[in-house]
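Before any comments, here is the structure.
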Amino acid sequence: MKAIVFGGTGMVGQGVLRECVLDPEVEAVVSVVRRATGPSLGRKSDKLREVVASNFFDYSKIAGNLAGFDVCLFCLGVSSVGMKEAQYRKVTYDLTLAAGRTLLRVNPTTASGGMTFIYVSGAGTDSSERGRVMWARVKGATENALLGMGFKAAYMFRPGGIVPMHGITSKTRLYSSVYAVLRPVLPLLLRWFPQYVTTTEQLGRAMLAVAKHGYATPVLESRDIARVGA
């Protein structure tokens, strides 16, 4: 299986890249990044390489590097805190669909195959697109658009709290502080509240498992993620 990862420098994406590198069934993985991260990323595995995209709304210059893949693991996302809806929609809905359209064009769905698209959304996403919570409406619209684009298969992952593992850290200072405070009780939270909490390891493993074998429903909540990624 050949995989493309968006958001590989973030907390979730780092976990997904780690699982791709460790999985013997993943023969190649491309990490699409805004800026090259240097040789430290490449040293993790010979099967991992970076493709730099200068514009995440227009992939025409790098489209050829995105062809011939089986799955996209889309982990790119930002907090809606401090954003107006139009701004958040641009960096969530518009940005994600720009990638989706390009990937679908260079990896078309045919009778014999095509690409699976897996999108990391979030617990509480509003599929109706009519709720009061702005970020949930935008995420819901993004999910609905991806599900209707025509990929061979598309799955929406809705994790709740995500616990970083294996030295991975969040770039968001607030999240890092919360994880530091909760670290002593995280094992208990994971055991008692799988419907609310998962780990970067579980999430990465679950995304790869669903890419290979599919899932009964197109939307996976945190409890589903924990079960598949166990």
Side-chain angles (χ1 to χ4, degrees), residues 1-7 10 12-13 15-16 19-20 23 25-26 29 32 66 69-77 80 88-89 91-131 133-162 194-230:
M1 181 172 71
K2 297 181 179 180
I4 294 178
V5 176
F6 283 77
V12 172
V16 171
E19 297 309 317
C20 286
D23 191 324
E25 294 184 61
V26 178
V29 56
V32 181
L66 308 179
F69 288 83
D70 303 296
V71 61
C72 172
L73 307 172
F74 200 93
C75 311
L76 193 61
S80 64
Y88 184 66
R89 186 178 180 88
V91 297
T92 300
Y93 181 93
D94 294 350
L95 186 149
T96 305
L97 265 62
R101 293 188 189 102
T102 298
L103 291 173
L104 193 57
R105 177 170 59 83
V106 298
N107 300 281
T109 302
T110 66
S112 58
M115 173 173 270
T116 295
F117 195 104
I118 299 181
Y119 177 62
V120 179
S121 185
T125 292
D126 177 15
S127 297
S128 76
E129 305 179 33
R130 295 191 296 269
V133 181
M134 180 272 284
W135 74 263
R137 291 195 305 270
V138 174
K139 286 282 192 179
T142 306
E143 286 187 355
N144 291 338
L146 290 170
L147 290 169
M149 284 189 74
F151 287 101
K152 182 184 76 171
Y155 297 96
M156 310 297 114
F157 276 51
R158 295 180 177 180
I162 303 173
Q195 68 271 38
Y196 302 120
V197 184
T198 188
T199 68
T200 50
E201 179 180 270
Q202 286 179 328
L203 183 55
R205 288 180 178 178
M207 292 175 79
L208 289 175
V210 170
K212 298 173 194 174
H213 308 297
Y215 197 69
T217 60
V219 175
L220 288 84
E221 303 289 352
S222 189
R223 184 180 292 276
D224 302 305
I225 295 167
R227 183 185 306 115
V228 177

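Contact annotation: the side chain of Tyr88 approaches that of Lys139 to within less than 4.5 Å [non-hydrogen atoms, C-beta and beyond]. A 4.5 Å side-chain heavy-atom check between Leu73 and Val120 finds every atom pair outside the cut-off. In this structure the side chain of Asp23 reaches within 4.5 angstrom of the side chain of Lys212, judged on heavy atoms. Taking 4.5 Å as the limit, every side-chain heavy atom of Val133 sits out of range of all side-chain heavy atoms of Asp126. At least one side-chain heavy atom of Glu19 sits under 4.5 Å from a side-chain heavy atom of Arg205. Two residues are said to be in side-chain contact when any heavy atoms from C-beta on lie closer than 4.5 Å; Phe74 and Leu95 meet this criterion. For the pair Thr116 and Asp70, the minimum side-chain heavy-atom distance is 4.5 Å or more. Looking at heavy atoms from C-beta onward, Arg158 lies in side-chain contact with Glu143 at the 4.5 angstrom threshold.
Of all heavy-atom pairs between Met1 and Val71, the closest is SD-CG1, 4.0 Å. The shortest non-hydrogen separation linking Ala141 to Arg89 is CB-NH1, 4.0 Å. Contact detail for Phe117 and Gly100: the closest heavy-atom pair is CE1-CA, 4.0 Å. Of all the heavy atoms in Val5 and Cys20, the pair that sits closest is CG2-SG, 4.4 Å. Heavy-atom minimum distance, Leu76 versus Gly7: CD1-CA, 3.8 Å. Contact record, Phe157 with Val210: CZ-CG2, 3.8 Å, taken as the closest heavy-atom pair.
Judged by distance alone, with hydrogens and angles left aside, the side-chain atoms of Asp224 form a donor-acceptor pair with the main-chain N or O of Glu221 at under 3.5 Å. Between the Thr109 side chain and the Gly150 main chain, a donor and an acceptor come within less than 3.5 Å of each other. A donor-acceptor pair is defined here as one N or O able to donate and one able to accept, closer than 3.5 Å; no such pair exists between the side chain of Asn107 and the backbone of Met115. Of the possible polar contacts, none joining the Asp94 side chain to the Ala98 backbone as a donor-acceptor pair under 3.5 Å is found.
Rounding to the nearest 0.5 Å places CZ of Arg227 at 10.5 Å from OG of Ser222. Atom CD1 of Ile225 is separated from atom CZ of Arg223 by 12.0 Å, given to the nearest 0.5 angstrom. Distance check: Phe151 CZ to Leu146 CG gives 6.5 Å after rounding to the nearest 0.5 Å. Of the inter-residue distances, the one linking Leu97 atom CG with Leu103 atom CG reads 11.0 Å to the nearest 0.5 angstrom. From Thr142, atom OG1 reaches atom CG of Leu147 across 10.5 Å, with rounding to the nearest 0.5 Å.
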Please assess Ile118 against Tyr215 for the test side-chain contact (heavy atoms from CB on, under 4.5 Å), listing each intermediate value before the final yes or no.
CA-CA 11 Å; Ile118 299 181; Tyr215 197 69; over 6 Å; no
Are Trp135 and Thr125 close enough, and set up right, to give a side-chain contact (heavy atoms from CB on, under 4.5 Å), and what steps lead you there?
CA-CA 8 Å; Trp135 74 263; Thr125 292; 3.8 Å; yes
Carefully, step by step, assess Met207 and Cys75 under the rule side-chain contact (heavy atoms from CB on, under 4.5 Å).
CA-CA 10 Å; Met207 292 175 79; Cys75 311; 4.2 Å; yes
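Atom NZ of Lys152 has more than 12 neighbouring heavy atoms from other residues, nucleotides or ligands inside a 6.0 Å radius.
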